[in-house]
Amino acid sequence: MLTKGQRTRAAILDTAAALASEQGLGSLSIGGLATATGMSKSGLFAHFGSKEGLQLATVDHAAAIFVREVIEPARSSPRGIVRTWALLDAFLDYLERGVFAGGCFFATTSAEFKNRPGPVRDRIAEQLARWREYLVRAVEQAQELGELDPAADPRRVAFELNAFVQNAESQHELFADPRFFELARDAVRERLESLRATPEPVR
């Protein structure tokens, strides 16, 4: 069970992550977040110490939300092609539900910090790399189980599958058309089916 202090910190970071998904991490400040949360600047400073500390904590919090919303539900699926599909389907569902008001937190912040070297950029890259490696491992497990073509490059397959989801998000953000998510699901299914070692449809 979380302590009162931990619950307060989590609530603050929920607000910070939502704001950052819409306005970027650069817009976050102790003063601005104090206004948004109704807390004192001194109280927030005690939690984070600096603007950079707040930004780093927000990135980690957003990553924890992604794990909770995408990775943990998929872990209940059997390893292999079923789990690989579950990961991508959960990712699309997370985007469809608008878990962050401004869309994908990491799409926003990675674009914002791609040319800004430093600890915040490094932390964003680290969290994105963790997702990439998790998806690569899911593909590798499907190959080890004899479900996907063992000759396929798992990194390339994971890259392609993730790209379908990312493109659906960017197209939806621009055109506000939820059909892009279904197009992405179709593309993921077709790619996985094209790599199947045995002819069985992906569900």
Side-chain angles (χ1 to χ4, degrees), residues 17-18 20-25 59 62-114 124-125 127-143 145-203:
S21 75
E22 294 182 285
Q23 303 168 15
L25 276 170
V59 172
I65 291 172
F66 184 85
V67 169
R68 183 189 73 206
E69 298 289 333
V70 176
I71 294 178
E72 287 182 357
R75 282 177 179 157
S76 63
S77 299
R79 290 183 178 182
I81 198 169
V82 174
R83 184 176 295 180
T84 304
W85 162 253
L87 284 167
L88 277 301
D89 186 46
F91 193 178
L92 286 162
D93 181 65
Y94 154 92
L95 296 171
E96 284 179 296
R97 288 185 289 115
V99 172
F100 290 108
C104 180
F105 175 92
F106 287 99
T108 299
T109 57
S110 61
E112 179 188 8
F113 277 83
K114 64 182 180 181
I124 293 167
Q127 297 294 359
L128 286 172
R130 287 181 178 179
W131 160 246
R132 182 186 63 214
E133 292 304 316
Y134 196 87
L135 187 55
V136 169
R137 184 58 188 142
V139 173
E140 289 175 338
Q141 288 172 340
Q143 290 175 310
L145 290 168
E147 296 175 339
L148 291 181
D149 181 2
D153 180 347
R155 292 191 174 277
R156 176 172 175 174
V157 173
F159 174 84
E160 291 171 349
L161 297 175
N162 196 49
F164 292 140
V165 178
Q166 290 178 321
N167 189 51
E169 161 70 358
S170 65
Q171 294 295 306
H172 177 260
E173 285 296 301
L174 185 61
F175 297 106
D177 187 344
R179 288 177 296 179
F180 287 110
F181 295 121
E182 286 310 308
L183 289 173
R185 284 189 173 89
D186 290 343
V188 169
R189 287 191 191 96
E190 289 174 9
R191 184 63 181 125
L192 287 173
E193 288 172 2
S194 75
L195 293 167
R196 264 199 180 274
T198 55
E200 182 180 342
V202 176
R203 292 185 175 86

Inset, instruction - Decide yes or no for Thr109 and Val59: does some side-chain heavy atom of the first lie under 4.5 Å from some side-chain heavy atom of the second? - result: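 SC-SC contact between Thr109 and Val59 ruled out.
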Inset, instruction - Report yes if some heavy atom in the side chain of Leu128 is under 4.5 Å from a heavy atom in the side chain of Arg132; otherwise report no. - result: no
Considering non-hydrogen atoms only, spot the tightest contact between [X] and [Y] and give its length.
X: Ala168; Y: Leu92; result: CB-CD2, 4.2 Å
X: Leu195; Y: Ala152; result: CD2-CB, 3.9 Å
X: Val136; Y: Ala158; result: CG2-CB, 3.6 Å
X: Arg191; Y: Ser194; result: O-OG, 2.6 Å

Quick one: side chains of residues 73-82, donor-acceptor pairs under 3.5 Å with protein atoms, not counting sequence neighbours, listed by atom name and distance.
unit_1, atom_1, unit_2, atom_2, d
Arg75, NE, Tyr134, OH, 3.3
Ser76, OG, Pro73, O, 2.7

Measuring from [X]:[atom1] to [Y]:[atom2], what's the distance to the nearest 0.5 Å?
X: Phe91; Y: Leu161; atom1: CZ; atom2: CG; answer: 12.0 Å
X: Thr108; Y: Gln23; atom1: OG1; atom2: CD; answer: 11.0 Å
X: Phe164; Y: Glu190; atom1: CZ; atom2: CD; answer: 8.0 Å
X: Arg137; Y: Arg83; atom1: CZ; atom2: CZ; answer: 10.0 Å
X: Leu88; Y: Leu192; atom1: CG; atom2: CG; answer: 7.0 Å
X: Glu140; Y: Leu135; atom1: CD; atom2: CG; answer: 10.5 Å

Inset, instruction - Not counting sequence neighbours, which residues clear ring-ring contact (aromatic ring centres under 6.0 Å, His included) with Phe181? List them please. - result: His172
Legend entry - Phe100: partners by ring-ring contact (aromatic ring centres under 6.0 Å, His included), with sequence neighbours left out: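 With neighbours one apart ignored, the set is Phe105.
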Inset, instruction - Verify side chain to side chain contact (heavy atoms under 4.5 Å, CB included) between Glu112 and Leu25, making sure each step is shown before the conclusion. - result: CA-CA 8 Å; Glu112 179 188 8; Leu25 276 170; 3.7 Å; yes
Inset, instruction - Step through it carefully: locate the ring centre of Phe106, locate the ring centre of Trp131, and say whether they are under 6.0 Å apart. - result: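 No; Trp131 has its ring centre 6.0 Å or more from that of Phe106.
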Inset, instruction - Could you list all the salt bridge (Lys or Arg N to Asp or Glu O under 4.0 Å) pairs where at least one residue sits in residues 167-176, not counting sequence neighbours? - result: none
Inset, instruction - Tell me, please, which residues at least two apart from Glu133 pass side chain to side chain contact (heavy atoms under 4.5 Å, CB included). - result: Arg155
Legend entry - Check: Glu22 side chain, Ala101 main-chain N or O, donor-acceptor pair, under 3.5 Å: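 Pair absent, no side-chain N/O of Glu22 close to backbone of Ala101.
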Legend entry - Under 3.5 Å donor-acceptor, Gln143 side chain and Asp149 backbone: yes
Inset, instruction - Can you sort out the partners of Arg185 under side chain to side chain donor-acceptor pair (under 3.5 Å), two or more places apart, ordered by chain and number? - result: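 With neighbours one apart ignored, the set is Asp89, Glu96, Glu182.
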